[in-house]
Protein chains: 2
Amino acid sequence: MESKKSILEISSTLRNKGMKMTQQRRVILDVLRNTKSHPSAEWIYNQVRQIIPNVSLGTVYRNLNILHQEGLVLEMNYGKGQSRYDGMVEPHYHVRCSECGRIDDVELDSINHLSETVESLTGFAVSDYRLEFNGQCPDCMKNN
Amino acid sequence: MESKKSILEISSTLRNKGMKMTQQRRVILDVLRNTKSHPSAEWIYNQVRQIIPNVSLGTVYRNLNILHQEGLVLEMNYGKGQSRYDGMVEPHYHVRCSECGRIDDVELDSINHLSETVESLTGFAVSDYRLEFNGQCPDCMKNN
DNA sequence: TTATGTGCAAAATATTTGCTTTCCG
DNA sequence: CGGAAAGCAAATATTTTGCACATAA
């Protein structure tokens, strides 16, 4: 089991960098950390609005960018659609349905030494990697 | 060594699906297949313009989308910037410099059975996967 | 000949930003 | 109190699309 940082720990990390933990930021983070759906900024915005009715979409984007920079959320881009976000930052992989866009986690053990191998092959300093599977989800298989 | 489909073979594949091989389409494919730089639609557009001066950016996008659907080019999305394209469709991996955006190929043997494992773990029908490394390229390392 | 593709420009989509005001610490 | 963040709306960036005309097969 991975231990998840508490909101309190995150607050103090941010404070040390001169950043504040606003109500908006806390709720955005909370919404994202409490769903397994890998949502878009707009979906998050709609959830947050139920708690802070006059929050703006710009604020959601600004916070997602900041949280992403700080390594507190993952951002994933697919094709030309909206980016999707993930509050689970511990290394893990994803499968995505190319029909409906659903994204599931893959419980695959991490593949060892890949980064090191790539560093010696390419001369790059590798910081991380992304492994994503594409296909058709069980629901879409049924409906066809 | 992988054998690359010739433009002639591609033309006939397209023709069988009721599609035409126009001058624009041929040049776009040609430009993309003759660079190792994993370029953006705009870069391709500028190259194509040197051969077909009044080609439009819309045509480049339309063709890249069609060629991608037909499995003749790869499309890669990073962050919020432009998509990047690759004329090499045989399975291979990429490293990307998060500073300058440079993308290199990684000559890593493909990892066997990954898709099958993921299928049994998730219930998805996996068609392909994408493995991408992130880091800093040798040039950007020097300049810092 | 005729359906597919092109050029052009306008529209759509997704995200960012400027400015004033609010509020966390 | 002071600076970081929010709200709102306008601006950007990237990609798509409608329509009249051109062209490959």
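Every chain is numbered from 1 and lettered A, B, ... according to where its sequence line falls, protein lines coming before strand lines. In what follows, every heavy atom counts, from backbone to side chain, and hydrogens, waters and symmetry copies are set aside. For clarity, every value in this text was computed on a predicted model and none was experimentally measured.
Which of dT6(C), dG5(C), dG25(C) sits closest to the side chain of Lys20(A) comes down to dG25(C). Side-chain atoms of Arg62(A) lie closest to dA6(D) of the nucleotides dA6(D), dG25(C), dG7(C). When each of dA6(D), dT6(C), dG5(C) is scored by its nearest atom to the side-chain atoms of Asn63(A), the top-ranked nucleotide is dA6(D). Picking from dC24(C), dG5(C), dA6(D) the nucleotide with the shortest atom distance to the side chain of Thr22(B) gives dG5(C).
Ring orientation note: the planes of His94(B) and His38(B) are nearly perpendicular, at an angle over 60° on the 30°/60° scale.
Within 6.0 Å of the CG atom in Asp109(A), the count of heavy atoms belonging to other residues, nucleotides or ligands does not exceed 12.
To the nearest angstrom, P of dT17(C) lies 9 Å from CG of Asn65(A). The distance from atom CD of Glu42(B) to atom P of dT14(D) is 7 Å, rounded to the nearest whole Å. When rounded to the nearest whole Å, the span between CZ of Arg26(B) and C1' of dA25(D) equals 12 Å. Atom C1' of nucleotide dA14(C) and atom OH of Tyr78(A) are separated by 17 Å, given to the nearest angstrom. Here dA14(C) presents its P atom at 14 Å from CD of Glu75(A), a figure rounded to the nearest Å. The distance from atom CD1 of Ile28(B) to atom P of dG5(C) is 12 Å, rounded to the nearest whole Å. Spacing between atom CD1 of Ile44(A) and atom C1' of dT15(C) amounts to 14 Å, rounded to whole angstrom units. When rounded to the nearest whole Å, the span between CD of Gln82(B) and P of dT12(D) equals 17 Å.
A 4.5 Å side-chain heavy-atom check between Arg26(A) and Ile7(A) finds at least one atom pair inside the cut-off.
With the nearest nucleotide of DNA chain D identified for both Thr59(A) and Ser11(B), Thr59(A) has the one nearer the 5' end. Taking the nucleotide of DNA chain C with the nearest heavy atom to each of Gly58(B) and Gln24(B), the more 5' of the two is matched to Gln24(B).
When heavy atoms are screened at a 4.0 angstrom cut-off, Arg15(A) is found touching the sugar-phosphate backbone but no base atom. Residue Arg25(B) is in sugar-phosphate contact alone, with no base atom involved, counting any heavy-atom pair closer than 4.0 Å across all strands shown.
For Lys5(B) (side chain) and Leu72(B) (main-chain N/O), no donor-acceptor pair under 3.5 Å exists by modelled atom type.
Between Asp105(B) and Lys36(B), none of the side-chain N atoms (NZ, or NE/NH1/NH2) sits under 4.0 Å from a carboxylate O, so this pair counts as no salt bridge.
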